[in-house]
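Contents: one structure, followed by commentary.
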Amino acid sequence: MDKFVIEGGRKLQGSVRVSGSKNAVLPVLAATLLTDEPVVIPNAPDVSDVRQMLRVLEGLGSKCERSREGVLTVRSARVPHNEAGWDCVRKMRGSVAVLGPVLARTQYARVSLPGGCVIGVRPVDLHVKGMRALGAKVELDGGDIIATATGGLRGAEMYLGGAQGPTVLGTANVMMAATLAKGRTVIHGAACEPEVVDLGECLNKMGARITGLGSPRIEIEGVDRLHGCTHEVIPDRIEAGTLVIAGAMTGSKIRVEGCRPDHLMILLERLREAELPHHFGSDWIETMAFDQRKKRAKPTDVTTLPHPAFPTDLQAQWMALMTTADGMSLVTETIFTDRYMHVAELMRMGANIRRQGASAIVLGPANLKGTQVMASDLRASAALVLAGLVAEGTTEVHRVYHIDRGYARIEQRLAELGASIARIDDDPDAIATDTAPSNETLVPRRPAALPSPVASAAAPGVKSSPLGKPKPARSSATKAKAARR
Ligand code: EPU
(Lines give C-alpha, C1' and ligand atoms only; values in the text may rest on other atoms or scores of the structure.)
Protein backbone atom coordinates (compact mmCIF):
# COMPACT_ATOMS: atom_id res chain seq x y z
CA MET A 1 0.00 0.00 0.00
CA ASP A 2 1.40 3.36 -0.99
CA LYS A 3 0.96 6.75 0.61
CA PHE A 4 1.49 10.28 -0.63
CA VAL A 5 3.68 12.65 1.32
CA ILE A 6 2.84 16.24 0.50
CA GLU A 7 4.65 19.34 1.61
CA GLY A 8 2.04 22.10 1.54
CA GLY A 9 2.25 25.75 0.62
CA ARG A 10 3.80 25.59 -2.85
CA LYS A 11 2.38 27.58 -5.76
CA LEU A 12 1.66 25.56 -8.88
CA GLN A 13 2.55 26.61 -12.38
CA GLY A 14 2.36 25.25 -15.90
CA SER A 15 -0.04 23.09 -17.85
CA VAL A 16 -1.45 19.62 -17.42
CA ARG A 17 -3.38 17.41 -19.85
CA VAL A 18 -6.57 15.66 -18.87
CA SER A 19 -6.89 11.87 -19.38
CA GLY A 20 -9.75 10.04 -21.02
CA SER A 21 -12.74 9.69 -18.72
CA LYS A 22 -12.80 6.70 -16.36
CA ASN A 23 -16.58 6.80 -16.04
CA ALA A 24 -17.00 7.02 -19.81
CA VAL A 25 -14.60 4.21 -20.64
CA LEU A 26 -16.03 1.67 -18.16
CA PRO A 27 -19.42 1.34 -19.92
CA VAL A 28 -17.71 1.59 -23.33
CA LEU A 29 -15.60 -1.41 -22.29
CA ALA A 30 -18.80 -3.24 -21.31
CA ALA A 31 -20.23 -2.34 -24.75
CA THR A 32 -17.38 -4.25 -26.43
CA LEU A 33 -19.29 -7.40 -25.38
CA LEU A 34 -22.04 -6.50 -27.88
CA THR A 35 -19.92 -7.52 -30.89
CA ASP A 36 -17.20 -10.03 -31.71
CA GLU A 37 -15.36 -7.40 -33.77
CA PRO A 38 -12.56 -5.34 -32.19
CA VAL A 39 -13.32 -2.05 -30.49
CA VAL A 40 -10.37 0.32 -30.30
CA ILE A 41 -10.13 2.99 -27.59
CA PRO A 42 -7.11 5.25 -28.18
CA ASN A 43 -7.32 7.16 -24.88
CA ALA A 44 -8.50 4.79 -22.14
CA PRO A 45 -6.97 6.11 -18.90
CA ASP A 46 -4.38 3.87 -17.25
CA VAL A 47 -6.15 3.64 -13.88
CA SER A 48 -6.81 0.62 -11.72
CA ASP A 49 -10.59 0.58 -12.32
CA VAL A 50 -9.91 0.21 -16.04
CA ARG A 51 -7.42 -2.59 -15.41
CA GLN A 52 -10.02 -4.31 -13.22
CA MET A 53 -12.68 -3.96 -15.93
CA LEU A 54 -10.27 -5.56 -18.42
CA ARG A 55 -9.91 -8.51 -16.02
CA VAL A 56 -13.70 -8.80 -15.90
CA LEU A 57 -13.83 -8.82 -19.72
CA GLU A 58 -11.04 -11.39 -19.92
CA GLY A 59 -13.04 -13.54 -17.50
CA LEU A 60 -15.89 -13.33 -20.01
CA GLY A 61 -13.59 -14.52 -22.79
CA SER A 62 -12.51 -11.18 -24.33
CA LYS A 63 -9.00 -10.49 -25.60
CA CYS A 64 -7.69 -7.15 -24.34
CA GLU A 65 -4.46 -5.51 -25.48
CA ARG A 66 -2.88 -2.16 -24.72
CA SER A 67 -0.25 -0.93 -27.16
CA ARG A 68 2.96 0.83 -26.18
CA GLU A 69 1.22 4.13 -27.04
CA GLY A 70 -1.66 3.30 -24.71
CA VAL A 71 -4.22 2.34 -27.39
CA LEU A 72 -6.59 -0.27 -26.03
CA THR A 73 -8.10 -2.93 -28.29
CA VAL A 74 -10.78 -5.24 -26.96
CA ARG A 75 -12.24 -8.13 -28.88
CA SER A 76 -15.05 -10.09 -27.30
CA ALA A 77 -15.37 -13.84 -27.86
CA ARG A 78 -17.69 -15.17 -30.59
CA VAL A 79 -19.69 -16.71 -27.74
CA PRO A 80 -18.83 -14.78 -24.58
CA HIS A 81 -18.96 -16.48 -21.20
CA ASN A 82 -21.93 -15.19 -19.35
CA GLU A 83 -21.03 -15.31 -15.66
CA ALA A 84 -19.24 -12.50 -13.81
CA GLY A 85 -18.64 -13.63 -10.24
CA TRP A 86 -18.40 -11.89 -6.92
CA ASP A 87 -14.65 -11.76 -6.99
CA CYS A 88 -14.59 -9.28 -9.86
CA VAL A 89 -17.79 -7.35 -9.12
CA ARG A 90 -16.87 -6.74 -5.49
CA LYS A 91 -13.63 -5.03 -6.57
CA MET A 92 -15.41 -2.60 -8.84
CA ARG A 93 -19.04 -1.76 -8.78
CA GLY A 94 -18.99 -0.47 -12.37
CA SER A 95 -18.57 -4.03 -13.62
CA VAL A 96 -22.34 -4.50 -13.17
CA ALA A 97 -22.51 -2.74 -16.58
CA VAL A 98 -21.69 -6.08 -18.26
CA LEU A 99 -25.18 -7.37 -17.33
CA GLY A 100 -27.04 -5.71 -20.24
CA PRO A 101 -24.51 -6.52 -22.99
CA VAL A 102 -24.01 -10.16 -21.94
CA LEU A 103 -27.76 -10.69 -21.65
CA ALA A 104 -28.39 -9.11 -25.06
CA ARG A 105 -25.65 -11.14 -26.68
CA THR A 106 -26.20 -14.58 -25.10
CA GLN A 107 -29.78 -14.38 -23.74
CA TYR A 108 -28.47 -15.26 -20.28
CA ALA A 109 -26.32 -13.46 -17.74
CA ARG A 110 -25.31 -14.23 -14.19
CA VAL A 111 -23.62 -11.27 -12.49
CA SER A 112 -22.91 -10.98 -8.78
CA LEU A 113 -24.83 -8.27 -6.96
CA PRO A 114 -22.42 -5.51 -6.03
CA GLY A 115 -22.40 -4.80 -2.30
CA GLY A 116 -22.61 -1.40 -0.67
CA CYS A 117 -19.53 0.79 -0.57
CA VAL A 118 -18.16 3.57 1.57
CA ILE A 119 -20.09 6.25 -0.29
CA GLY A 120 -23.32 4.59 0.82
CA VAL A 121 -25.91 2.04 -0.22
CA ARG A 122 -25.77 1.53 -3.96
CA PRO A 123 -28.78 -0.47 -5.13
CA VAL A 124 -29.22 -1.93 -8.63
CA ASP A 125 -33.02 -2.22 -8.59
CA LEU A 126 -33.31 0.15 -11.56
CA HIS A 127 -30.93 -1.98 -13.66
CA VAL A 128 -33.10 -5.00 -12.85
CA LYS A 129 -36.30 -3.08 -13.58
CA GLY A 130 -34.96 -2.07 -16.99
CA MET A 131 -33.98 -5.64 -17.94
CA ARG A 132 -37.41 -6.90 -16.85
CA ALA A 133 -39.08 -4.19 -18.96
CA LEU A 134 -37.12 -5.54 -21.95
CA GLY A 135 -38.70 -8.94 -21.32
CA ALA A 136 -35.95 -10.66 -19.32
CA LYS A 137 -36.79 -12.93 -16.44
CA VAL A 138 -34.61 -11.71 -13.58
CA GLU A 139 -34.08 -13.52 -10.29
CA LEU A 140 -31.77 -12.84 -7.40
CA ASP A 141 -30.13 -16.02 -6.18
CA GLY A 142 -27.21 -16.55 -3.81
CA GLY A 143 -26.13 -12.92 -4.18
CA ASP A 144 -26.24 -13.08 -7.98
CA ILE A 145 -28.50 -11.42 -10.54
CA ILE A 146 -29.62 -14.12 -12.96
CA ALA A 147 -31.23 -12.76 -16.11
CA THR A 148 -32.70 -14.92 -18.87
CA ALA A 149 -34.20 -13.76 -22.14
CA THR A 150 -34.94 -16.93 -24.09
CA GLY A 151 -35.92 -15.85 -27.59
CA GLY A 152 -34.18 -12.46 -27.12
CA LEU A 153 -35.01 -9.08 -25.60
CA ARG A 154 -37.97 -7.00 -26.78
CA GLY A 155 -38.02 -3.21 -27.00
CA ALA A 156 -40.25 -1.45 -24.48
CA GLU A 157 -41.22 1.97 -23.17
CA MET A 158 -40.15 2.48 -19.55
CA TYR A 159 -39.51 5.05 -16.84
CA LEU A 160 -36.08 4.44 -15.33
CA GLY A 161 -35.68 7.25 -12.78
CA GLY A 162 -35.58 6.33 -9.10
CA ALA A 163 -36.20 8.13 -5.82
CA GLN A 164 -32.75 9.74 -6.12
CA GLY A 165 -33.28 10.72 -9.76
CA PRO A 166 -31.82 9.07 -12.85
CA THR A 167 -29.18 6.34 -12.77
CA VAL A 168 -26.04 6.70 -14.87
CA LEU A 169 -24.94 3.05 -15.10
CA GLY A 170 -28.56 1.84 -15.07
CA THR A 171 -29.30 3.97 -18.15
CA ALA A 172 -26.07 2.70 -19.76
CA ASN A 173 -26.94 -0.93 -18.98
CA VAL A 174 -30.48 -0.75 -20.39
CA MET A 175 -29.37 1.29 -23.41
CA MET A 176 -26.73 -1.32 -24.28
CA ALA A 177 -29.18 -4.21 -23.87
CA ALA A 178 -31.81 -2.42 -25.99
CA THR A 179 -29.46 -1.98 -28.98
CA LEU A 180 -29.90 -5.69 -29.82
CA ALA A 181 -33.57 -5.98 -28.70
CA LYS A 182 -36.37 -6.49 -31.21
CA GLY A 183 -38.15 -3.21 -31.88
CA ARG A 184 -38.07 0.20 -30.25
CA THR A 185 -37.16 1.06 -26.66
CA VAL A 186 -37.90 4.41 -25.06
CA ILE A 187 -36.19 5.24 -21.76
CA HIS A 188 -37.88 8.07 -19.88
CA GLY A 189 -36.05 9.55 -16.90
CA ALA A 190 -32.71 8.65 -18.52
CA ALA A 191 -29.45 10.05 -17.15
CA CYS A 192 -28.15 13.05 -19.13
CA GLU A 193 -24.51 12.77 -17.98
CA PRO A 194 -21.84 13.32 -20.67
CA GLU A 195 -20.61 9.75 -20.05
CA VAL A 196 -24.03 8.36 -21.11
CA VAL A 197 -23.94 10.55 -24.24
CA ASP A 198 -20.42 9.30 -24.98
CA LEU A 199 -21.48 5.67 -24.63
CA GLY A 200 -24.46 6.30 -26.94
CA GLU A 201 -22.16 7.85 -29.53
CA CYS A 202 -19.84 4.85 -29.34
CA LEU A 203 -22.81 2.47 -29.72
CA ASN A 204 -24.03 4.44 -32.77
CA LYS A 205 -20.55 4.08 -34.31
CA MET A 206 -20.98 0.33 -33.71
CA GLY A 207 -24.21 0.41 -35.75
CA ALA A 208 -26.81 1.09 -33.03
CA ARG A 209 -29.69 3.49 -33.68
CA ILE A 210 -29.99 5.72 -30.64
CA THR A 211 -31.47 9.22 -30.50
CA GLY A 212 -32.21 11.68 -27.70
CA LEU A 213 -28.77 11.34 -26.08
CA GLY A 214 -28.21 14.04 -23.44
CA SER A 215 -31.96 14.36 -22.84
CA PRO A 216 -34.10 12.45 -20.31
CA ARG A 217 -35.84 10.62 -23.19
CA ILE A 218 -33.62 8.22 -25.09
CA GLU A 219 -34.97 6.18 -27.98
CA ILE A 220 -33.27 3.03 -29.23
CA GLU A 221 -34.29 1.19 -32.38
CA GLY A 222 -33.02 -2.37 -32.02
CA VAL A 223 -30.70 -3.81 -34.71
CA ASP A 224 -29.66 -7.41 -35.51
CA ARG A 225 -25.96 -6.96 -34.88
CA LEU A 226 -23.32 -4.41 -33.96
CA HIS A 227 -19.79 -4.13 -35.33
CA GLY A 228 -16.41 -2.91 -34.16
CA CYS A 229 -15.30 0.73 -34.16
CA THR A 230 -12.66 3.15 -32.92
CA HIS A 231 -13.89 5.43 -30.19
CA GLU A 232 -11.99 8.11 -28.30
CA VAL A 233 -13.75 8.67 -24.98
CA ILE A 234 -14.48 12.17 -23.66
CA PRO A 235 -11.93 13.85 -21.39
CA ASP A 236 -12.41 13.13 -17.70
CA ARG A 237 -14.48 16.04 -16.38
CA ILE A 238 -13.91 15.05 -12.76
CA GLU A 239 -10.13 14.86 -13.16
CA ALA A 240 -10.25 18.23 -14.96
CA GLY A 241 -12.41 19.71 -12.18
CA THR A 242 -10.08 18.38 -9.50
CA LEU A 243 -7.05 19.96 -11.20
CA VAL A 244 -8.88 23.26 -11.69
CA ILE A 245 -9.75 23.27 -7.97
CA ALA A 246 -6.06 22.57 -7.23
CA GLY A 247 -5.13 25.71 -9.20
CA ALA A 248 -7.85 27.83 -7.58
CA MET A 249 -7.13 26.56 -4.08
CA THR A 250 -3.41 27.28 -4.26
CA GLY A 251 -3.94 30.68 -5.93
CA SER A 252 -1.91 29.49 -8.91
CA LYS A 253 -1.83 30.04 -12.63
CA ILE A 254 -2.26 26.62 -14.20
CA ARG A 255 -3.73 25.56 -17.49
CA VAL A 256 -5.82 22.40 -17.65
CA GLU A 257 -5.68 21.29 -21.27
CA GLY A 258 -7.61 18.84 -23.39
CA CYS A 259 -10.77 19.15 -21.30
CA ARG A 260 -14.41 20.00 -22.08
CA PRO A 261 -15.33 23.21 -20.20
CA ASP A 262 -18.90 22.74 -21.47
CA HIS A 263 -19.08 19.64 -19.22
CA LEU A 264 -18.00 21.73 -16.22
CA MET A 265 -20.09 24.89 -16.55
CA ILE A 266 -21.51 24.51 -13.05
CA LEU A 267 -18.02 24.31 -11.52
CA LEU A 268 -16.88 27.38 -13.47
CA GLU A 269 -19.99 29.25 -12.32
CA ARG A 270 -19.40 28.33 -8.67
CA LEU A 271 -15.72 29.40 -9.00
CA ARG A 272 -16.94 32.74 -10.39
CA GLU A 273 -19.29 33.14 -7.41
CA ALA A 274 -16.39 32.26 -5.09
CA GLU A 275 -14.45 35.08 -6.85
CA LEU A 276 -11.66 32.72 -7.83
CA PRO A 277 -10.17 34.11 -11.04
CA HIS A 278 -10.12 31.83 -14.07
CA HIS A 279 -10.92 31.80 -17.76
CA PHE A 280 -11.50 29.12 -20.36
CA GLY A 281 -11.55 28.36 -24.08
CA SER A 282 -13.04 25.55 -26.12
CA ASP A 283 -10.77 22.85 -24.64
CA TRP A 284 -8.89 24.43 -21.74
CA ILE A 285 -9.44 26.10 -18.39
CA GLU A 286 -6.89 28.36 -16.78
CA THR A 287 -6.84 29.45 -13.14
CA MET A 288 -5.13 32.75 -12.32
CA ALA A 289 -2.48 33.45 -9.71
CA PHE A 290 -3.39 35.62 -6.73
CA ASP A 291 -1.94 36.42 -3.35
CA GLN A 292 -3.72 34.28 -0.77
CA ARG A 293 -2.52 36.48 2.08
CA LYS A 294 -4.63 39.31 0.60
CA LYS A 295 -7.55 37.44 -0.91
CA ARG A 296 -9.62 34.39 0.01
CA ALA A 297 -12.38 32.52 -1.76
CA LYS A 298 -15.89 33.75 -1.06
CA PRO A 299 -17.93 31.03 0.68
CA THR A 300 -20.14 29.43 -1.96
CA ASP A 301 -22.80 26.77 -1.43
CA VAL A 302 -23.18 23.74 -3.66
CA THR A 303 -25.84 21.03 -3.91
CA THR A 304 -25.01 17.87 -5.81
CA LEU A 305 -27.63 16.86 -8.37
CA PRO A 306 -27.66 15.02 -11.70
CA HIS A 307 -25.94 16.68 -14.68
CA PRO A 308 -25.77 19.57 -15.56
CA ALA A 309 -25.91 20.49 -11.86
CA PHE A 310 -22.99 20.11 -9.46
CA PRO A 311 -21.54 16.55 -9.71
CA THR A 312 -21.35 14.41 -6.60
CA ASP A 313 -17.88 13.35 -7.81
CA LEU A 314 -16.59 16.91 -7.15
CA GLN A 315 -18.34 17.41 -3.82
CA ALA A 316 -15.39 16.37 -1.62
CA GLN A 317 -12.93 18.48 -3.62
CA TRP A 318 -15.24 21.52 -3.39
CA MET A 319 -15.51 21.03 0.35
CA ALA A 320 -11.72 21.02 0.64
CA LEU A 321 -11.68 24.33 -1.25
CA MET A 322 -14.40 25.81 0.98
CA THR A 323 -12.41 25.04 4.13
CA THR A 324 -10.11 27.85 2.97
CA ALA A 325 -12.94 30.29 2.09
CA ASP A 326 -13.66 33.38 4.11
CA GLY A 327 -16.84 32.38 5.98
CA MET A 328 -19.56 29.75 6.10
CA SER A 329 -20.67 27.60 3.19
CA LEU A 330 -23.14 24.77 2.87
CA VAL A 331 -22.48 21.58 0.91
CA THR A 332 -25.50 19.37 0.28
CA GLU A 333 -25.20 15.87 -1.15
CA THR A 334 -28.41 14.54 -2.73
CA ILE A 335 -27.03 11.65 -4.83
CA PHE A 336 -25.12 9.62 -2.22
CA THR A 337 -26.28 11.20 1.01
CA ASP A 338 -23.57 9.51 3.11
CA ARG A 339 -20.67 10.49 0.89
CA TYR A 340 -18.88 12.35 3.65
CA MET A 341 -15.92 10.14 4.59
CA HIS A 342 -13.57 13.04 3.89
CA VAL A 343 -15.14 15.24 6.59
CA ALA A 344 -13.43 13.61 9.58
CA GLU A 345 -10.09 13.56 7.76
CA LEU A 346 -10.34 17.23 6.75
CA MET A 347 -11.17 18.00 10.38
CA ARG A 348 -7.99 16.20 11.43
CA MET A 349 -6.20 18.78 9.31
CA GLY A 350 -7.93 21.62 11.14
CA ALA A 351 -11.07 22.18 9.06
CA ASN A 352 -14.19 23.26 10.89
CA ILE A 353 -17.06 21.22 9.42
CA ARG A 354 -20.37 20.12 10.92
CA ARG A 355 -22.54 17.40 9.38
CA GLN A 356 -26.26 17.99 9.42
CA GLY A 357 -28.22 15.24 7.68
CA ALA A 358 -27.32 15.26 4.00
CA SER A 359 -25.52 18.59 4.37
CA ALA A 360 -22.24 19.77 5.78
CA ILE A 361 -21.62 23.26 7.10
CA VAL A 362 -18.08 24.40 6.42
CA LEU A 363 -16.74 27.27 8.46
CA GLY A 364 -13.71 28.87 6.91
CA PRO A 365 -11.06 30.01 6.73
CA ALA A 366 -9.28 27.10 8.40
CA ASN A 367 -5.59 27.18 8.94
CA LEU A 368 -5.05 23.66 7.57
CA LYS A 369 -2.09 21.81 9.03
CA GLY A 370 -0.42 18.72 7.65
CA THR A 371 -1.03 15.45 9.45
CA GLN A 372 -1.66 11.74 8.78
CA VAL A 373 -4.93 11.18 6.96
CA MET A 374 -6.58 8.14 5.49
CA ALA A 375 -8.01 7.90 1.97
CA SER A 376 -11.39 6.18 2.07
CA ASP A 377 -12.78 6.47 -1.44
CA LEU A 378 -11.67 7.87 -4.73
CA ARG A 379 -12.96 11.41 -4.50
CA ALA A 380 -12.42 11.73 -0.73
CA SER A 381 -8.75 10.94 -1.41
CA ALA A 382 -8.58 13.67 -4.04
CA ALA A 383 -9.97 16.14 -1.48
CA LEU A 384 -7.25 15.16 1.00
CA VAL A 385 -4.54 15.66 -1.61
CA LEU A 386 -5.95 19.12 -2.38
CA ALA A 387 -6.00 20.00 1.32
CA GLY A 388 -2.41 18.74 1.60
CA LEU A 389 -1.32 21.14 -1.16
CA VAL A 390 -2.31 24.16 0.93
CA ALA A 391 -1.75 22.82 4.45
CA GLU A 392 1.12 24.06 6.54
CA GLY A 393 3.76 21.33 6.88
CA THR A 394 3.59 17.71 5.80
CA THR A 395 0.47 15.73 5.01
CA GLU A 396 0.65 11.97 4.63
CA VAL A 397 -2.29 10.50 2.74
CA HIS A 398 -2.44 6.76 3.38
CA ARG A 399 -4.09 4.10 1.21
CA VAL A 400 -3.79 5.99 -2.04
CA TYR A 401 -4.85 2.89 -3.96
CA HIS A 402 -8.27 4.57 -3.74
CA ILE A 403 -7.04 7.53 -5.76
CA ASP A 404 -5.27 5.23 -8.24
CA ARG A 405 -8.70 3.82 -9.14
CA GLY A 406 -9.58 6.96 -11.04
CA TYR A 407 -6.61 9.34 -11.40
CA ALA A 408 -3.66 8.29 -13.54
CA ARG A 409 -0.35 9.02 -11.74
CA ILE A 410 -1.82 12.11 -10.12
CA GLU A 411 1.27 12.68 -7.97
CA GLN A 412 3.56 12.86 -11.01
CA ARG A 413 1.29 15.33 -12.74
CA LEU A 414 0.96 17.54 -9.67
CA ALA A 415 4.73 17.36 -9.17
CA GLU A 416 5.20 18.50 -12.78
CA LEU A 417 3.10 21.54 -11.84
CA GLY A 418 5.49 22.26 -8.97
CA ALA A 419 3.75 20.54 -6.05
CA SER A 420 5.92 18.78 -3.49
CA ILE A 421 4.34 15.34 -3.50
CA ALA A 422 5.89 11.87 -3.48
CA ARG A 423 4.57 8.32 -3.51
CA ILE A 424 6.11 6.17 -0.84
CA ASP A 425 5.74 2.51 0.17
CA ASP A 426 3.60 2.60 3.27
CA ASP A 427 3.83 0.52 6.38
CA PRO A 428 0.32 -0.87 6.91
CA ASP A 429 0.84 -0.68 10.67
CA ALA A 430 1.92 2.96 10.61
CA ILE A 431 -1.65 4.19 11.11
CA ALA A 432 -4.63 2.67 12.87
CA THR A 433 -7.22 1.21 10.50
CA ASP A 434 -10.20 2.64 12.35
CA THR A 435 -10.87 6.09 10.92
CA ALA A 436 -14.18 6.71 12.68
CA PRO A 437 -14.23 10.28 13.93
CA SER A 438 -13.78 10.68 17.65
CA ASN A 439 -13.26 13.73 19.80
CA GLU A 440 -9.60 12.96 19.77
CA THR A 441 -9.36 12.97 16.00
CA LEU A 442 -10.96 16.44 15.86
CA VAL A 443 -7.79 17.90 17.28
CA PRO A 444 -5.32 18.41 14.46
CA ARG A 445 -2.00 16.73 15.10
CA ARG A 446 1.27 17.90 13.67
CA PRO A 447 3.70 15.39 12.23
CA ALA A 448 7.41 15.90 12.67
CA ALA A 449 8.50 18.93 10.64
CA LEU A 450 10.06 17.62 7.47
CA PRO A 451 12.03 19.48 4.90
CA SER A 452 10.67 17.54 1.91
CA PRO A 453 8.58 14.47 1.22
CA VAL A 454 11.57 12.56 -0.06
CA ALA A 455 13.53 13.42 3.03
CA SER A 456 10.54 12.44 5.14
CA ALA A 457 10.82 8.84 4.05
CA ALA A 458 14.47 8.63 4.88
CA ALA A 459 14.54 10.74 8.03
CA PRO A 460 15.21 8.70 11.14
CA GLY A 461 12.48 8.66 13.75
CA VAL A 462 9.78 9.77 11.38
CA LYS A 463 6.50 7.94 11.78
CA SER A 464 6.50 6.75 8.22
CA SER A 465 7.33 3.21 7.37
CA PRO A 466 10.69 1.66 8.07
CA LEU A 467 10.06 0.19 4.63
CA GLY A 468 9.19 3.67 3.45
CA LYS A 469 11.08 4.33 0.28
CA PRO A 470 10.23 7.17 -2.05
CA LYS A 471 9.30 5.85 -5.44
CA PRO A 472 11.34 7.51 -8.17
CA ALA A 473 9.46 8.99 -11.12
CA ARG A 474 9.16 6.21 -13.66
CA SER A 475 11.36 6.23 -16.71
CA SER A 476 9.72 6.25 -20.12
CA ALA A 477 10.73 2.58 -20.54
CA THR A 478 8.96 1.67 -17.29
CA LYS A 479 5.94 3.72 -18.30
CA ALA A 480 5.79 1.91 -21.63
CA LYS A 481 5.99 -1.44 -19.81
CA ALA A 482 3.16 -0.40 -17.51
CA ALA A 483 1.12 0.72 -20.51
CA ARG A 484 1.47 -2.72 -22.12
CA ARG A 485 0.23 -4.51 -18.98
N1 EPU B 1 -29.83 4.21 -7.62
C2 EPU B 1 -30.92 3.46 -7.26
N3 EPU B 1 -31.13 2.27 -7.89
C4 EPU B 1 -30.31 1.81 -8.89
C5 EPU B 1 -29.20 2.58 -9.25
C6 EPU B 1 -28.98 3.79 -8.60
O7 EPU B 1 -31.69 3.85 -6.39
O8 EPU B 1 -30.58 0.73 -9.43
C9 EPU B 1 -29.58 5.48 -6.94
C10 EPU B 1 -28.21 5.55 -6.28
O11 EPU B 1 -28.24 4.98 -4.99
C12 EPU B 1 -27.92 7.02 -6.26
C13 EPU B 1 -28.56 7.51 -7.56
O14 EPU B 1 -29.49 6.49 -7.93
O15 EPU B 1 -28.58 7.64 -5.20
C16 EPU B 1 -27.57 7.71 -8.68
O17 EPU B 1 -26.71 6.58 -8.79
P18 EPU B 1 -26.16 6.12 -10.21
O19 EPU B 1 -26.78 4.83 -10.58
O20 EPU B 1 -26.33 7.25 -11.18
O21 EPU B 1 -24.63 5.87 -9.89
P22 EPU B 1 -23.72 4.85 -10.68
O23 EPU B 1 -24.17 4.79 -12.07
O24 EPU B 1 -23.61 3.60 -9.92
C25 EPU B 1 -21.96 6.56 -11.58
C26 EPU B 1 -20.49 6.80 -11.40
C27 EPU B 1 -20.23 7.37 -10.02
C28 EPU B 1 -21.02 8.66 -9.87
C29 EPU B 1 -22.51 8.38 -10.12
C30 EPU B 1 -23.37 9.63 -10.07
C31 EPU B 1 -19.45 5.15 -12.79
C32 EPU B 1 -18.62 3.93 -12.88
N33 EPU B 1 -19.77 5.56 -11.58
O34 EPU B 1 -22.32 5.59 -10.58
O35 EPU B 1 -18.84 7.66 -9.98
O36 EPU B 1 -20.85 9.18 -8.59
O37 EPU B 1 -22.68 7.77 -11.41
O38 EPU B 1 -22.96 10.55 -11.02
O39 EPU B 1 -19.81 5.73 -13.79
C40 EPU B 1 -16.77 8.05 -8.98
O41 EPU B 1 -16.27 8.13 -10.11
O42 EPU B 1 -16.13 8.39 -7.94
C43 EPU B 1 -18.13 7.55 -8.83
C44 EPU B 1 -18.61 7.09 -7.67
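Counting starts at 1 for both ligands and their atoms, in listed order. All figures in this text were calculated on a predicted structure; none of them were measured in a lab.
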I'd like the name of whichever of Pro123, Gly162, Ala316 reaches closest to atom 1 (N) of ligand 1 through any heavy atom. Pro123
Using a strict cut-off of 4.0 Å, indicate which atoms of ligand 1 neighbour a heavy atom of Lys22. 40 (C), 41 (O)
Which atoms of ligand 1 are found less than 4.0 Å from any heavy atom of Val124? 4 (C), 8 (O)
Close side-chain approach of Val25 and Asp198, heavy atoms under 4.5 Å: no
CA sep, side-chain torsions, deciding dist, call: Tyr407, Thr242, side chain to side chain donor-acceptor pair (under 3.5 Å): CA-CA 10 Å; Tyr407 294 86; Thr242 305; 2.8 Å; yes
Residue-ligand contact Arg339/ligand 1, heavy atom below 4.0 Å: yes
Using a 4.0 Å cut-off to any heavy atom of His127, which atoms of ligand 1 qualify? 8 (O)
Under a 4.0 Å threshold between the charged nitrogen and the carboxylate oxygen, would Arg423 count as salt-bridged to Asp404? yes
Taking the side chain as C-beta and beyond, is there a heavy-atom pair between Glu239 and Arg413 under 4.5 Å? yes
Any N/O of Gly94 closer than 3.5 Å to an N/O of ligand 1? no
Carboxylate-amine/guanidinium contact Lys3 Glu396, below 4.0 Å: yes
With the side chain counted from C-beta on, respond yes when His127 and Val96 share a heavy-atom pair under 4.5 Å apart, and no when they do not. yes
Below 3.5 angstrom, do we get any N/O pair linking Thr167 and ligand 1? yes
Run the numbers for me: atoms of ligand 1, each under 4.0 Å from some heavy atom of Pro166, listed by number. 16 (C), 20 (O)
Do Arg110 and Asn82 touch side chain to side chain, with heavy atoms closer than 4.5 Å? no
With a cut-off of 3.5 Å and sequence neighbours excluded, list every side-chain donor-acceptor pair involving residues 152-168.
| residue | atom | partner | partner atom | Å |
| --- | --- | --- | --- | --- |
| Glu157 | OE2 | His188 | NE2 | 2.8 |
| Thr167 | OG1 | Gly170 | N | 2.9 |

Closer than 4.0 angstrom, basic N to acidic O: yes or no for Arg75 and Glu37? no
Below a 4.0 angstrom heavy-atom separation, can you tell me which part of Asp313, side chain or backbone, both or neither, approaches ligand 1? side chain
Can you find an N or O of Ile335 that's nearer than 3.5 Å to an N or O of ligand 1? yes
Leu169 N/O to ligand 1 N/O under 3.5 Å: yes
Find out whether Pro311 and Leu314 are in side-chain contact, i.e. whether some heavy atom of one side chain is under 4.5 Å from a heavy atom of the other. yes
Result of checking Thr73, Val40, Val71, Val39 against Thr230 for side-chain contact (heavy atoms from CB on, under 4.5 Å): Val40
Between Val168 and ligand 1, is there a nitrogen or oxygen pair with a distance under 3.5 Å? yes
Any heavy atom of Thr312 under 4.0 Å from ligand 1? The part involved is side chain
Regarding atom 9 (C) of ligand 1: of the candidates His402, Arg405, Gln164, which has the closest heavy atom? Gln164
Is it true that Ala191 lies under 4.0 Å from ligand 1, counting heavy atoms only? no
Can you tell me if Arg93 has a non-hydrogen atom under 4.0 Å from ligand 1? yes
Considering only heavy atoms, does Glu195 approach ligand 1 within less than 4.0 Å through its side chain, its backbone, both, or neither? neither
Quick one: does Pro311 get within less than 4.0 Å of ligand 1, heavy atoms only? no
Relative to ligand 1, is Leu126 under 4.0 angstrom through side chain, backbone, both or neither, heavy atoms considered? both
Taking the six-membered ring for Trp, are Phe280 and His278 parallel (under 30°), tilted (30 to 60°) or perpendicular (over 60°)? parallel
